> 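What follows is a single structure, and I will ask about it in a moment.
Each ligand, and each atom within it, is numbered from 1 in the order the structure gives. Quick caveat: nothing in here was measured; it's all calculated off a predicted structure.
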Amino acid sequence: MKPRVFSGIRPSGRLHIGNYFGAIKSWLKLQDEADCIFAVVDYHGLTTPFDPKEMFKEKYEVILDYLAVGVDPKKSALVIQSDLPEHTELGWILGTITPVSILERVPTFKEKVAQHPEYVNLGLLSYPVLMAADILIYKSNIVPVGEDQLPHIELAREIAKRFNRIFGKTFPLPKAVLSSGARVMSLYDPSKKMSKTGGEGILLSDSPEEIWKKLQPAVTDPARKRISDSGNPDVCNIYSLHKLVSSADEIKEINGNCRGAKFGCLDCKKILAKNLGMEFEDFRRKRKVFESNPEKVKEILKNGAEKARELAQKTLREVRKKTGLDI
Ligand code: AQP
């Protein structure tokens, strides 16, 4: 049997290169070797401030991004989390075996509390439990994610172990899979990861002009003040981005030019802008095709939900029996 894969992204904006290099690149590889379900996790999108008028549109934007980037509905099921209430039912059951003290220690919970002290809600605290349910409802073995999600996957494993111990073996223990760009950093504050909500991410759908505009003020080696100073690529976020899209020869040359003070940071950024623009040229073209075909997208989501529902309901029947909710 093929391994089962689940991964999801919140509908908090169009996808950026962190989402792509951190998670989606692995999805594209895995869809040829595994049974994959990829979701827009809209219930999770309700846990931080959001605009209800934009929510529906945002979900659709992420689905268009998935399709244009190469998620193939013939190979993988594409779903919207809230089309499958089985996720929340399992989330409730798993919540009853998850100690609150563990959830309060989750790093992303603490980060979000600091970011939005006025928006500390129960959904935010139980976010990792619903995420565990998203994964376990399909008995997933593999979860391709960026590095920031590792604590959540660890918790999903703990919850699965706990359920298996109390109610009998039910769930496989899911494993995280990281890709080469497991942590793409913010352009303007490279101590933080690039994110959708910051609004500073390079989007897959950005035009070459937009990419260039965003890259110009991006932080480089802070110690390099002028072109004649030798730079240190090892501490430069722009150099890290080059490693994701530039050729080995270009990277070698950039390294030499930077250390040897042979060109400035803007020259280095120009090459990056060109390469990023080219990397997503095909994406931008395909996105327009899907954008002009909403009926097709609707059908893809309907088919995805049908496939996922069958799997989810099977797991839920087993869980309801094991917990004594059903006989
Ligand atoms: N910068 C990143 N580098 C590598 N991987 C990343 N991921 C996100 N950012 C990076 C991975 O992308 C998947 C979706 O995560 P998300 O929905 O939390 O995306 P986001 O861009 O982080 O969105 P938000 O709404 O702005 O979230 P916060 O506020 O939490 O940053 C995951 O697999 C993630 O690891």
Side-chain angles (χ1 to χ4, degrees), residues 5-30 36-51 54-55 58-59 61-63 65-66 69 71 80-81 106-117 119-121 123-125 127-128 130-132 134-135 140 142-156 174-206 214 218-219 237-238 240-241 243-245 276:
V5 170
F6 175 87
S7 195
I9 295 191
R10 300 191 329 143
S12 45
R14 290 187 182 201
L15 301 184
H16 56 74
I17 57 171
N19 301 131
Y20 176 72
F21 290 106
I24 297 178
K25 226 175 155 186
S26 315
W27 299 9
L28 301 183
K29 189 165 167 280
L30 281 162
C36 301
I37 296 155
F38 298 123
V40 175
V41 286
D42 51 349
Y43 281 138
H44 290 288
L46 304 180
T47 59
T48 46
F50 67 98
D51 180 354
E54 295 296 315
M55 174 56 89
E58 299 277 25
K59 294 199 277 193
E61 297 276 14
V62 176
I63 290 290
D65 279 351
Y66 283 179
V69 84
V71 175
I80 306 257
Q81 182 189 32
V106 171
T108 44
F109 175 66
K110 291 194 208 158
E111 277 164 28
K112 294 290 176 205
V113 169
Q115 245 174 357
H116 307 289
Y119 218 85
V120 182
N121 57 78
L124 189 65
L125 181 68
Y127 187 117
L130 181 56
M131 183 164 160
D134 297 337
I135 296 165
S140 311
I142 296 174
V143 192
V145 283
E147 210 175 83
D148 61 305
Q149 294 295 322
L150 288 181
H152 291 165
I153 310 299
E154 197 42 52
L155 194 54
K175 278 201 195 102
V177 167
L178 294 181
S179 72
S180 54
R183 200 165 163 76
V184 175
M185 307 315 284
S186 154
L187 293 180
Y188 311 127
D189 179 0
S191 67
K192 296 194 186 125
K193 78 175 179 98
M194 188 179 280
S195 82
K196 290 195 229 87
T197 34
E200 43 65 83
I202 294 181
L203 307 182
L204 307 191
S205 51
D206 276 345
K214 286 180 182 173
V219 173
N237 192 29
I238 295 297
S240 311
L241 297 177
K243 288 191 194 156
L244 299 172
V245 287
L276 278 169

> Can you tell me which portion of S195 lies within the under-4.0 Å heavy-atom range of ligand 1? Options are side chain, backbone, both, or neither.
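Both backbone and side chain.
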> On a heavy-atom basis, I'd like to know which of R14, H16, Q149, K112 is closest to atom 28 (P) of ligand 1.
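Nearest option to atom 28 (P) of ligand 1, by heavy atoms: K112.
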> Of Y20, W27, F38, which is the lone residue that meets ring-ring contact (aromatic ring centres under 6.0 Å, His included) with Y66?
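Of the listed residues Y20, W27, F38, the ring-ring contact (aromatic ring centres under 6.0 Å, His included) partner of Y66 is W27.
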> Among I24, V41, D65, find the one that has a side chain to side chain contact (heavy atoms under 4.5 Å, CB included) with I9.
I24
> Under 3.5 Å, N or O to N or O, is P144 touching ligand 1 that way?
no
> Before signing off on this row, confirm whether G146 and ligand 1 have an N or O atom pair separated by under 3.5 Å.
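Yes, since at least one N or O of G146 sits under 3.5 Å from an N or O of ligand 1.
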> Looking at S179 and F21, would you say the former's side chain and the latter's main chain have a donor-acceptor pair under 3.5 Å?
yes
> Regarding ligand 1, does E147 bring an N or O atom to under 3.5 Å of one of the ligand's N or O atoms?
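No, no N or O pair falls under 3.5 Å.
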> Measure V184 to ligand 1 on non-hydrogen atoms and call it side chain, backbone, both or neither using the 4.0 Å cut-off.
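Both backbone and side chain of V184 come within 4.0 Å of ligand 1.
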> Is it the side chain, the backbone, both or neither of R183 that has a heavy atom closer than 4.0 Å to ligand 1?
backbone
> Just wondering, do E61 and P11 contact through their side chains at under 4.5 Å, heavy atoms?
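P11 vs E61: side chains apart.
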> Within the 4.5 Å heavy-atom criterion, are Y43 and D134 side-chain neighbours or not?
no
> Which residues pass the ring-ring contact (aromatic ring centres under 6.0 Å, His included) test with H44, sequence neighbours left out?
Y127
